[in-house]
> 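Supplied in C-alpha cells, the structure appears directly below.
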Amino acid sequence: MSTDLHHTPESASTTTTPRAAALHDPVIDWFDDHARDLPWRRPDAGAWSVMVSEFMLQQTPVVRVLPVHEQWLARWPRPADLAAESPGEAVRAWGRLGYPRRALRLHAAAGAIAQRHGGEVPREHAELLALPGVGEYTAAAVASFAYGQRHIVLDTNVRRVFARVATGVAHPPNATTAAERRTAEGLLPADEATAARWAAATMELGALVCTARSPQCGQCPVAAMCAWRLAGCPPHDGPPRRGQSYAGTDRQVRGRLLAVLRASPGPVAQAALDAVWHEPVQRARALDGLVEDGLVEPLADGVYRLPV
DNA sequence: TATACGTGGTT
DNA sequence: TAACCAAGTAT
C-alpha cells in the first residue's frame, strides 16, 4: 500500500484541479439545504454512533437501519457495553438487517476497542482498518464523518456520482479501481474540514439525486458540469452488473436457520431447524457454515444456540 | 479478481 | 415479475 491511500492532508492539495474546485461549493451548498437529519449525523452523535451506523449500512438501506441503530445505541451506548455482551445477543439484536456476520464483527470490533483503545473508537485510519469488519470504506467513513478528517470515501453512491460527473459514464466498474481512487483524490478539497463535508455531501447526492435507476438531474446542483449529461447520458456499456441471486441458495437457508435461532431465547432442537428447509444436504451444509462462521454454537445431542 | 454473504423494497 | 438495488468485507 502506498502512502497515497492514506489521503493525508499533506499529500493531496497538489492534485486538486480548478475544475474540481468548481464542484465543491455547489455540492456542499446543496448538502446544507438537503441533508437528511440522520441520528448518526447529529452534533451530539459520537464516533461510536457513526461506527455502528456504518456497519449496519453496509449493503443495507437507511430506512431499515434507523430503528435498529436507535435500539443498539440505547442498549449499548459505548463500545465496552457491547463488548460485555455475548456475541449471540449482538446477532439477536441485529434482527433482520441481513448479513449477520456484520453483527459478529461489530461485536468483535467493540471488544478490540475496549481492549486496545481504552474504550474509544480510534481516530487513525490504520487503526480503524485493523478492526474486524472495517474495510477501506468504513475506515475512511468513520475517520471522516466522526473525526472530520480528510479521506477519499468511496462507497457505491460516491462512485456513481464520480462516474457520471467526472468520467461521463452511467455506472462505475463492478470493483473499485485505481483510476477511481485517482479521480476521487483529484476532486477532494485540500482543506480538511471541507474534505469531510465534501465526502458526506457527495454520498448524500448519490443517495438522493444521482441515483442508480432514475437520477433526478433536474435537482442536481452540478448537472451543468456533469460529464455524463454533457455526453448525452449514454447508457451503461460495460460488462453486465453482476446480480445477486438468492432464492434457493445457501444464503437463503442460512437466513431461515438463523431466524429460528434468533427467535428462540434458548437452545433450539435439531427438529426445529430441519423444518425450515426440505433438502437435507443443503440444510446441513448451511448449518455447518453458520457454525464455521461462529454464528451458531452446536451443543450436545443435536441442539444449537446463538454463540455465548 | 471473483465469489459468498441476508433481506426486503422498487421497477 | 424477475431483476435490480441498498453507506462493503473477507477470502
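Just so we're on the same page: letters track the sequence lines, and every chain starts at 1.
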> Can a donor-acceptor pair be found, under 3.5 Å and without considering hydrogens, that links the side chain of A:T167 to the backbone of A:V169?
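No.
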
> Where each residue is assigned the nucleotide of DNA chain C containing its nearest heavy atom, which of A:H171 and A:A139 is assigned the position nearer the 5′ end?
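Counting from the 5' end, the first nearest nucleotide belongs to A:H171.
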
> Can you tell me the distance, in whole Å, between the CZ atom of A:R36 and the C1' atom of C:dA6?
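Checked: the CZ to C1' distance equals 11 Å.
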
> Within the 4.5 Å heavy-atom criterion, are A:L287 and A:Y304 side-chain neighbours or not?
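Contact flag for A:L287/A:Y304 side chains = yes.
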
> For the residue pair A:H125 and A:H151, does the interplanar ring angle fall in the parallel (under 30°), tilted (30 to 60°) or perpendicular (over 60°) class?
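Because their plane-to-plane angle is under 30°, the rings of A:H125 and A:H151 count as parallel.
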
> Of all the choices, B:dT7, C:dT9, B:dC5, which nucleotide is nearest to the side chain of A:R251 once you look at every atom?
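Closest nucleotide to the A:R251 side chain: B:dC5.
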
> If only atom types and distance count, is the side chain of A:D155 paired as donor or acceptor with the main-chain N or O of A:N157 below 3.5 Å?
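Yes; judged by distance alone, with no hydrogens or angles, the pair exists.
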
> Kindly assign one of parallel, tilted or perpendicular to the pair A:W72 and A:W76, based on the angle between their ring planes and the thresholds 30° and 60°.
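A:W72 vs A:W76 ring planes: perpendicular.
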
> Could you check which residues of residues 93-111 of chain A get a heavy atom under 4.0 Å from DNA chain C? Sort them by number, please.
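Under 4.0 Å from DNA chain C: A:R105.
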
> Just wondering, do A:F31 and A:P221 contact through their side chains at under 4.5 Å, heavy atoms?
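No - every pair of side-chain heavy atoms lies 4.5 Å or more apart.
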
> Rounded at 0.5 Å granularity, tell me how far CZ in A:R42 sits from CG in A:D37.
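Answer rounded to 0.5 Å: 4.0 Å.
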
> Does any non-hydrogen side-chain atom of A:W94 lie less than 4.5 Å from one of A:R262?
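The answer is no, as the side chains (C-beta and beyond) never meet within the 4.5 Å cut-off.
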
> Using whole Å, report how far CD of A:Q59 lies from P of C:dA10.
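A:Q59 atom CD is separated from C:dA10 atom P by 13 Å.
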
> Within the distance-only criterion (no hydrogens, no angle test), does the side chain of A:W40 pair as donor or acceptor with the backbone N or O of A:A45 below 3.5 angstrom?
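No, because the side chain of A:W40 does not come within donor-acceptor range (under 3.5 Å) of the backbone of A:A45.
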
> Please work out if A:A212 contacts a base, only the sugar-phosphate, or nothing of the nucleic acid, heavy-atom cut-off 4.0 Å.
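It contacts sugar-phosphate atoms only.
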
> Heavy atoms only, 4.0 Å cut-off, all strands: where does A:L154 land among base, sugar-phosphate and nothing?
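Nothing: the residue A:L154, judged by heavy atoms under 4.0 Å, touches no strand.
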
> Going by heavy atoms in the side chains, are A:V209 and A:W30 under 4.5 Å from each other?
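A:V209 vs A:W30: side chains touch.
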
> With sequence neighbours excluded, tell me which residues meet salt bridge (Lys or Arg N to Asp or Glu O under 4.0 Å) with A:R102.
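Counting only residues at least two positions away or on another chain, A:R102 forms no salt bridge (Lys or Arg N to Asp or Glu O under 4.0 Å).
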
> Taking atom C1' in both C:dC5 and B:dG6, what distance in whole Å separates the two?
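Comparing C1' positions in C:dC5 and B:dG6 gives a spacing of 14 Å.
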
> Among residues 255-263 of chain A, which residues get a heavy atom nearer than 4.0 Å to DNA chain B?
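The answer is A:G255, A:R262.
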
> Is A:T138 near enough to C:dT9 that one of its side-chain N or O atoms lies under 4.0 angstrom from OP1 or OP2?
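So the side-chain polar atoms of A:T138 do come within 4.0 Å of the phosphate oxygens OP1 or OP2 of C:dT9, strictly under.
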
> Enter the distance from A:E279:CD to A:R285:CZ here, rounded to the nearest 0.5 Å.
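Interatomic distance, A:E279 CD to A:R285 CZ, rounded to 0.5 Å: 7.5 Å.
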
> Check whether any side-chain N or O of A:Y137 sits under 4.0 Å from OP1 or OP2 of C:dT9, and answer yes or no.
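For C:dT9, OP1/OP2 do not have a side-chain N/O of A:Y137 under 4.0 Å.
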
> Say we look at B:dG9 and C:dT9: how far apart would their P atoms be, to the nearest angstrom?
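Their P atoms lie roughly 25 Å apart.
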
> Sort and list the pairs that fulfil side chain to side chain donor-acceptor pair (under 3.5 Å) and have at least one residue in residues 214-225 of chain A, not counting sequence neighbours.
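Applying side chain to side chain donor-acceptor pair (under 3.5 Å) to every pair that reaches into residues 214-225 of chain A, excluding sequence neighbours, yields nothing.
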
> Kindly indicate whether the side chain of A:T60 and the base of B:dG6 share any N or O donor-acceptor pair separated by less than 3.5 Å?
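Such a pair is found, so the answer is yes.
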
> Judged by each residue's nearest nucleotide on DNA chain C, which is more toward the 5′ side, A:S53 or A:V134?
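That would be A:S53.
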
> Just how far is it from atom CG of A:L295 to atom CZ of A:R101, taken to the nearest 0.5 Å?
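CZ of A:R101 is found 7.5 Å from CG of A:L295.
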
> Does A:Q58 make a side-chain N or O approach to OP1 or OP2 of C:dA7 shorter than 4.0 Å?
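Negative; the distance criterion is not met.
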
> When the nearest nucleotide of DNA chain B is assigned to A:L295 and to A:A175 on a heavy-atom basis, which residue is associated with the more 5' position?
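Whichever sits nearer the 5' end wins; that is A:A175.
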
> Return the residues of residues 155-165 of chain A meeting this criterion: a heavy atom under 4.0 Å from some atom of DNA chain C. Order them by number, or give none.
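Correct list: A:D155, A:T156, A:N157, A:R160.
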
> Give me the distances for all protein-to-nucleotides 9-11 of chain B N/O pairs that come in under 3.5 Å?
residue, atom, partner, partner atom, Å
B:dT11, O4', A:R213, NH1, 2.9

